[in-house]
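Structure first, commentary second.
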Amino acid sequence: MNYNIKKFSELENNELYQILELRCEVFVVEQNCAYNDVDNKDQDAYHLLLEDNKKIVAGLRILKKGISYDQISIGRVVVSKEHRGLGIAKDMMLKAIEFIENDLGEKKIKISAQAYLIEFYKSIGFVEVSKVYLEDDIPHIDMLYKK
């Protein structure tokens, strides 16, 4: 398995299709949440992808400041059902943080986390900065990472 970070313009058609397919499988079907995943933010994002035998099995996107928040942000963190429990989400988050700090020169990162994952994100260094709120009928909380 190997990780890649690509700008939207560097994604091949098949990679983009696989990203959208995986996010749909998890966020729409598995979590039973009808929402518009195609939100015109992917075009301005960096995409961190994990491939296993040429199939994307996990990913996230990194959004520049001003797209979702005043700070740079990480979102759409997704791991296929078959690859969960292997520490992939934590590895991806740490790789994303390293890229943001070292390549983009940023020290603050904001996320909107599903509330059941608060402890997971705290273990990486994020702190809660809002109360729990509903986003697409799923409890979320804003969290911030500062180096």
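The model shown is predicted, which means the values in this text are computed figures rather than measured ones.
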Handout entry: Val57 and its side-chain contact (heavy atoms from CB on, under 4.5 Å) partner, picked from Leu22, Leu86, Asp52, Val78
Key =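 The passing option is Asp52.
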Problem - Residue pairs passing the salt bridge (Lys or Arg N to Asp or Glu O under 4.0 Å) test where at least one lies in residues 53-65, sequence neighbours excluded - result: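 Found Asp39-Arg61, Asp42-Arg61, Lys65-Glu106.
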Are any non-hydrogen side-chain atoms of [X] and [Y] less than 4.5 angstrom apart?
{"X": "Asp37", "Y": "Leu20", "value": "yes"}
{"X": "His83", "Y": "Met1", "value": "yes"}
{"X": "Leu11", "Y": "Ile19", "value": "yes"}

Shared hydrophobic cluster for [X] and [Y] (ILVMFWY, side-chain gaps under 4.5 Å):
{"X": "Val38", "Y": "Ile67", "value": "no"}
{"X": "Tyr121", "Y": "Val79", "value": "yes"}
{"X": "Ile124", "Y": "Ile62", "value": "yes"}
{"X": "Leu48", "Y": "Ile111", "value": "yes"}
{"X": "Ile109", "Y": "Ile141", "value": "yes"}

Practice task
Each residue besides Val129 in its hydrophobic cluster should be listed here, by chain and number; the cluster joins Ile, Leu, Val, Met, Phe, Trp and Tyr at side-chain heavy-atom distances under 4.5 Å.
Solution key: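 Val127, Leu144, listed by chain and number.
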Problem - salt bridge (charged side-chain N to carboxylate O under 4.0 Å, His left out) against Glu25, all qualifying residues, sequence neighbours excluded - result: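 Checked Glu25 against salt bridge (charged side-chain N to carboxylate O under 4.0 Å, His left out); zero matches.
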Problem - Pro139 to Leu134 - nearest heavy-atom pair and separation - result: N-CD2, 3.7 Å
Enumerate donor-acceptor pairs with a distance under 3.5 Å from any side-chain N or O in residues 88-103 to protein atoms, sequence neighbours excluded.
unit_1	atom_1	unit_2	atom_2	d
Glu101	OE2	Tyr145	OH	2.9
Asn102	ND2	Glu98	O	3.4

To the closest 0.5 Å, what do you measure between [atom1] ([X]) and [atom2] ([Y])?
{"X": "Leu50", "Y": "Ser80", "atom1": "CG", "atom2": "OG", "answer": "8.5 Å"}
{"X": "Ile74", "Y": "Ser112", "atom1": "CD1", "atom2": "OG", "answer": "12.5 Å"}
{"X": "Cys33", "Y": "Glu135", "atom1": "SG", "atom2": "CD", "answer": "8.5 Å"}
{"X": "Lys122", "Y": "Leu117", "atom1": "NZ", "atom2": "CG", "answer": "13.0 Å"}
{"X": "Ile72", "Y": "Lys108", "atom1": "CD1", "atom2": "NZ", "answer": "13.0 Å"}

Practice task
Under the salt bridge (Lys or Arg N to Asp or Glu O under 4.0 Å) rule, what do Lys7 and Glu10 come out as? Steps first, then yes or no, please.
Solution key: CA-CA 5 Å; Lys7 293 180 181 178; Glu10 298 169 331; 5.7 Å; no
Practice task
Please collect all ring pair (Phe, Tyr, Trp, His ring centres under 6.0 Å) contacts where either partner lies in residues 12-41, sequence neighbours excluded, each pair once.
Solution key: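 Those involving residues 12-41 do not exist here.
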Exercise for the section: Determine yes or no for a side-chain-to-main-chain donor-acceptor pair under 3.5 angstrom, with Asp136 supplying the side chain and Ile138 the backbone. Expected result: no
Handout entry: side-chain hydrogen bond (donor to acceptor under 3.5 Å, both in side chains) involving Gln18 - partner list, sequence neighbours excluded
Key =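 Partners of Gln18 by the side-chain hydrogen bond (donor to acceptor under 3.5 Å, both in side chains) criterion come out as none, since no residue qualifies.
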Problem - Pair Lys110 + Asp70: basic N to acidic O under 4.0 Å - result: no
